[in-house]
Amino acid sequence: MAAGKSVEPARWRAMFEQVMGRIAGWLGRVEPRASARAHLLGLLSGVDRKNCRRLAEQAGHARPGPMQRLLRSARWNADAVRDEVRGYAVDHLGSDGGVLIVDETGFMKNGRSSAGVQRQHTGTVGRIQNSQVGVFLAYATGRGQALIDRRLHLPEHSWCTDTERRQETGIPNEVQFATKPRLAWPGLGDDRRRTGRRGGGTVGGYVGENEVLAHIP
């Protein structure tokens with residue numbers, strides 16, 4: 001869970017099972033739970049391309065269908081799962097002087113059907129590329145660091161005003177355009193309050209990892 005820390009395999013597995021135990025109740029039926037477990041283990045593995053097909057192969061599945069359903073159509077509460085992961089991180093890493101770190105990451109994509117995808121600059125490859133871009137929030141203390149929140153950046157003209165594309169990808173009507181700093185700001189306030197309430201000690205502030213996110217209002 002904490003990047004940059006060496007953890008014994010047996011302890012790592014025990015910690016992973018603790019997290020799965022916390023989020024299992026938000027995943028509903030047995031199949032989504034099994035798919036989520038296999039998907040997460042694949043994401044944490046050394047697989048080179050982490051798409052559903054490659055992750056299914058890594059898990060020994062004959063086909064990628066269950067993992068694809070988990071991401072496309074299975075009913076589960078992503079925000080509740082996020083809250084459980086944040087709670088676990090704070091329980092294990094919480095201490096005074098922690099900081100919240102904001103950064104954006106791009107995900108290379110083929111085609112135009114993934115929500116928010118367009119040709120845009122992404123620091124992942126350092127150039128304009130067909131990609132999705134998300135704003136992510138990490139919690140860091142002297143004990144380690146962990147990702148605790150995320151927001152997908154939805155481009156204004158190619159997505160926010162295109163009703164047909166929004167309907168095809170299931171983007172709710174209440175989701176409207178927001179700049180990356182504006183995407184980060186509600187999460188910063190909310191996560192700072194929740195982190196302190198859960199025993200995370202005093203959160204000293206935030207760090208923006210690029211020129212755009214360094215100027216959050």
Assess whether a salt bridge exists between Arg54 and Glu57, defined as any Lys/Arg side-chain N lying under 4.0 Å from an Asp/Glu carboxylate O. yes
Salt bridge flag under 4.0 Å for residues Arg37 and Glu17: yes
Carefully, step by step, assess Leu154 and Phe177 under the rule side chain to side chain contact (heavy atoms under 4.5 Å, CB included). CA-CA 6 Å; Leu154 202 63; Phe177 173 74; 5.9 Å; no
Side chain to side chain contact (heavy atoms under 4.5 Å, CB included), that's the test. Do Val99 and Ile101 meet it? Break it down for me. CA-CA 6 Å; Val99 296; Ile101 303 169; 4.1 Å; yes
Heavy atoms only: give me the nearest Gly94-Arg143 pair and the separation to one decimal. O-NH1, 2.9 Å
Heavy-atom check, side chain of Val175 versus side chain of Leu152, under 4.5 Å: no
Residue pair Gly142 / Ser95: nearest heavy atoms and the distance that separates them: N-OG, 4.4 Å
So how far is it from Gln145 CD to Leu100 CG, rounded to the nearest 0.5 Å? 13.0 Å
State whether Trp159 and Arg166 meet the cation-pi test: NZ (Lys) or CZ (Arg) under 6.0 Å from the six-membered ring centroid, and within 45° of the perpendicular axis. no
Which heavy-atom pair separates Leu27 from Ala36 by the least distance, and what is that distance? CD1-CB, 3.7 Å
Side chain to side chain donor-acceptor pair (under 3.5 Å) with Thr124: which residues, sequence neighbours excluded? Thr122
Between CZ of Arg13 and CD of Glu8, what distance do you get to the nearest 0.5 Å? 14.5 Å
Using side-chain heavy atoms (C-beta onward) and a distance below 4.5 Å, is Ser35 in contact with Arg69? no
Which donor-acceptor pairs under 3.5 Å do the side chains of residues 125-137 make with protein atoms, sequence neighbours left out?
residue	atom	partner	partner atom	Å
Arg127	NE	Gln129	OE1	3.1
Asn130	ND2	Lys109	O	2.9
Asn130	ND2	Gly111	O	2.8
Ser131	OG	Gln129	O	3.2
Gln132	NE2	Ala115	O	2.7

Roughly how far, to the nearest 0.5 Å, is the CZ atom of Arg112 from the CD atom of Gln118? 11.0 Å
Any idea which heavy atoms bring His39 and Leu71 closest together, and the distance? CE1-CD1, 3.9 Å
With sequence neighbours left out, what residues match Ala24 under side-chain contact (heavy atoms from CB on, under 4.5 Å)? Arg33
For His92 and Tyr88, take the angle between the two ring planes, folded into 0 to 90°, and tell me which bin it lands in: parallel under 30, tilted 30 to 60, perpendicular over 60. tilted
For Lys50 versus Gly46, what's the shortest heavy-atom pair and its separation? NZ-C, 4.3 Å
With a 4.5 Å cut-off on side-chain heavy-atom distances among I, L, V, M, F, W and Y, is there a chain of contacts connecting Met15 to Leu40? yes
OG1 (Thr169) and CD (Glu164) are apart, to the nearest 0.5 Å, by 10.5 Å
Is it true that Asp79 and Arg150 make a salt bridge, defined as a side-chain N closer than 4.0 Å to a carboxylate O? yes
Charged N to carboxylate O under 4.0 angstrom, Arg22 versus Asp83? no
Could you grab the distance from atom CD of Gln58 to atom OG of Ser45, nearest 0.5 Å is fine? 4.0 Å
Leu70 side chain near Trp76 side chain, heavy-atom distance below 4.5 Å: yes
Might you confirm whether atom CZ of Arg53 has over 12 heavy atoms from other residues, nucleotides or ligands at distances under 6.0 Å? no
I'd like to know whether Tyr139 forms a side chain to side chain contact (heavy atoms under 4.5 Å, CB included) with Leu147, so could you lay out the CA-CA distance, the side-chain angles of the two residues, the decisive distance to 0.1 Å, and finally the verdict. CA-CA 6 Å; Tyr139 173 58; Leu147 289 174; over 6 Å; no
State yes or no: do Leu41 and Val47 share one hydrophobic cluster built from I, L, V, M, F, W and Y residues joined by side-chain heavy-atom distances below 4.5 Å, directly or via other members? no
Tightest non-hydrogen contact, residues Pro64 and Ala56, listed as CA-CB, 3.7 Å
Evaluate the criterion side chain to side chain contact (heavy atoms under 4.5 Å, CB included) for residue pair Thr163 and Arg165; output intermediate values, then yes/no. CA-CA 6 Å; Thr163 303; Arg165 285 187 97 181; over 6 Å; no
Treating Gln120 as the side-chain partner and Val117 as the backbone partner, does any N or O pair qualify as donor plus acceptor under 3.5 Å? no
